[in-house]
Number of protein chains: 2
Amino acid sequence: MTDRLSVIFAALADPTRRAILARLAEGEATVTELAEPFDISLPAISRHLKVLETAGLISRSRSAQWRSSRLEAEPLREATAWMDRYRRFWDENFTRLDAHLKRIQEKP
Amino acid sequence: MTDRLSVIFAALADPTRRAILARLAEGEATVTELAEPFDISLPAISRHLKVLETAGLISRSRSAQWRSSRLEAEPLREATAWMDRYRRFWDENFTRLDAHLKRIQEKP
DNA sequence: TAGGTTCTTAACCCACTCGTTAATTAACGG
DNA sequence: CCGTTAATTAACGAGTGGGTTAAGAACCTA
């Protein structure tokens with residue numbers, strides 16, 4: 001489980017972490033701000049942030065005693081890029097494109 | 001970790017399982033066929049398939065003593081749908097669209 | 001019925017995850 | 001310097017994940 005994609009997907013496989021990302025989509029936030037909606041301890045949040053940071057999904061900066069987190073979407077791009085290989089299996093437009101390509105390939 | 005998206009992402013967070021999906025993109029396959037490229041036991045593969053099935057990423061059928069697995073891409077559609085909420089954070093076209101929408105909103 | 005093939009289930013290990021509380025670090029303000 | 005605020009680190013427990021081997025279930029063929 002050392003590869004990048006696995007780390008990214010594992011980070012996304014937790015509802016608390018996804019909620020944190022959703023919050024960060026609205027702008028940067030400190031740890032206590034991020035912790036506020038949840039019924040879990042600060043250390044737990046701190047660890048979730050560590051996981052997100054390791055996955056590259058957030059970056060962090062500090063000013064005085066506050067540590068601010070910021071959304072970094074690049075890993076999400078990677079994840080969707082991987083899933084795009086399967087798009088033809090669910091996307092109607094892709095299915096049609098597929099069929100079209102096969103058709104024009106049959107009559108040269 | 002009981003929600004659907006978490007189960008899907010967790011299923012994708014393992015390289016063996018992603019490789020199995022890649023293989024299934026080329027067509028149905030039996031358990032031994034799927035196990036062949038890997039250096040792990042058949043029971044281990046069997047469990048990976050269970051995880052994928054629980055996530056809805058594969059469906060299974062049987063004929064005689066063979067159990068055939070088939071790719072089901074619907075969960076991938078769900079996962080990308082979730083990530084699409086963040087597309088504007090990495091997609092240049094989305095960034096431009098965002099800017100455009102803001103512009104036309106400013107001058108009514 | 002017996003024996004072979006395919007696959008799953010059971011039982012077990014070890015490592016890791018997610019939560020806890022308590023202690024520690026770091027920076028601010030009087 | 002002292003106390004407060006913000007956040008992390010440490011130490012622990014319960015549960016889960018991914019692997020193993022051994023045993024069982026389901027189906028075919030002779």
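Throughout, a chain's letter reflects where its sequence line sits, starting with A, and its residues are numbered from 1.
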Is there a residue in residues 20-38 of chain A whose heavy atoms reach under 4.0 Å of DNA chain D, and which residues are they?
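Output list: A:T30, A:V31, A:T32.
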
Please determine if a side-chain N or O atom of B:H48 lies less than 4.0 Å away from the OP1 or OP2 oxygen of D:dG17.
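Indeed not, no polar side-chain atom of B:H48 lies that close.
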
Is any side-chain N or O of A:R60 closer than 4.0 Å to OP1 or OP2 of D:dT8?
yes

Rounded to whole angstroms, how far apart are [atom1] on [X] and [atom2] on [N]?
X: B:L49; N: C:dC7; atom1: CG; atom2: P; answer: 10 Å
X: B:I40; N: C:dC7; atom1: CD1; atom2: P; answer: 15 Å
X: A:D14; N: D:dG17; atom1: CG; atom2: P; answer: 12 Å
X: A:R47; N: C:dT21; atom1: CZ; atom2: P; answer: 13 Å
X: B:D39; N: D:dG18; atom1: CG; atom2: C1'; answer: 14 Å
X: B:R18; N: D:dG18; atom1: CZ; atom2: C1'; answer: 15 Å
X: B:L52; N: D:dG18; atom1: CG; atom2: P; answer: 10 Å
X: B:L42; N: D:dG18; atom1: CG; atom2: P; answer: 17 Å

Partners meeting side chain to side chain donor-acceptor pair (under 3.5 Å) with [X] (sequence neighbours left out):
X: A:T80; result: none
X: B:Q65; result: none
X: A:R88; result: none

How close do B:S6 and A:R18 get, heavy atom to heavy atom, and via which atoms?
OG-NH1, 3.0 Å

If you look at every heavy atom in A:L12 and A:L57, which pair is closest and at what distance?
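Residues A:L12 and A:L57, closest heavy atoms: CD2-CD1, 3.9 Å.
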
Map B:K50 and A:A44 onto DNA chain C by nearest heavy atom, then report which one ends up closer to the 5' terminus.
B:K50

Sequence-distant partners of [X], salt bridge (charged side-chain N to carboxylate O under 4.0 Å, His left out), two or more places apart:
X: A:E36; answer: none
X: A:R60; answer: A:E53
X: B:R85; answer: none

To the nearest 0.5 angstrom, please state how far the CG atom of B:D91 sits from the CZ atom of B:R96.
9.0 Å

Strictly by ring-ring contact (aromatic ring centres under 6.0 Å, His included), give each pair with a member in residues 47-89 of chain B just once, sequence neighbours left out.
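For residues 47-89 of chain B, and leaving out neighbouring residues, the ring-ring contact (aromatic ring centres under 6.0 Å, His included) pairs sorted by first residue read B:F9-B:W82, B:W82-B:Y86.
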
List for me each residue that meets side-chain contact (heavy atoms from CB on, under 4.5 Å) alongside B:R4, sequence neighbours excluded, and say none if there are none.
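With sequence neighbours excluded, B:R4 shows a side-chain contact (heavy atoms from CB on, under 4.5 Å) to B:I8, B:P75, B:E78, given in chain and number order.
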
Enter the inter-axis angle for the ends of the helix from C:dT1-D:dA30 to C:dG30-D:dC1 (five pairs per end, rounded to 10°).
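Axis-to-axis angle, ends of the helix: 10°.
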
Protein-nucleotides 23-30 of chain D N/O pairs under 3.5 Å:
| residue | atom | partner | partner atom | Å |
| --- | --- | --- | --- | --- |
| D:dA26 | O3' | B:R62 | NH2 | 3.3 |

Can you give each donor-acceptor pair under 3.5 Å made by side-chain atoms of residues 20-29 of chain B, sequence neighbours left out, with the distance rounded to 0.1 Å?
| residue | atom | partner | partner atom | Å |
| --- | --- | --- | --- | --- |
| B:R23 | NH1 | B:G27 | O | 3.2 |
| B:E28 | OE1 | B:S68 | OG | 2.8 |

In terms of side-chain heavy atoms of A:S41, which of C:dT8, D:dG19, C:dT21 is nearest?
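For A:S41, the side-chain atoms sit closest to C:dT21.
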
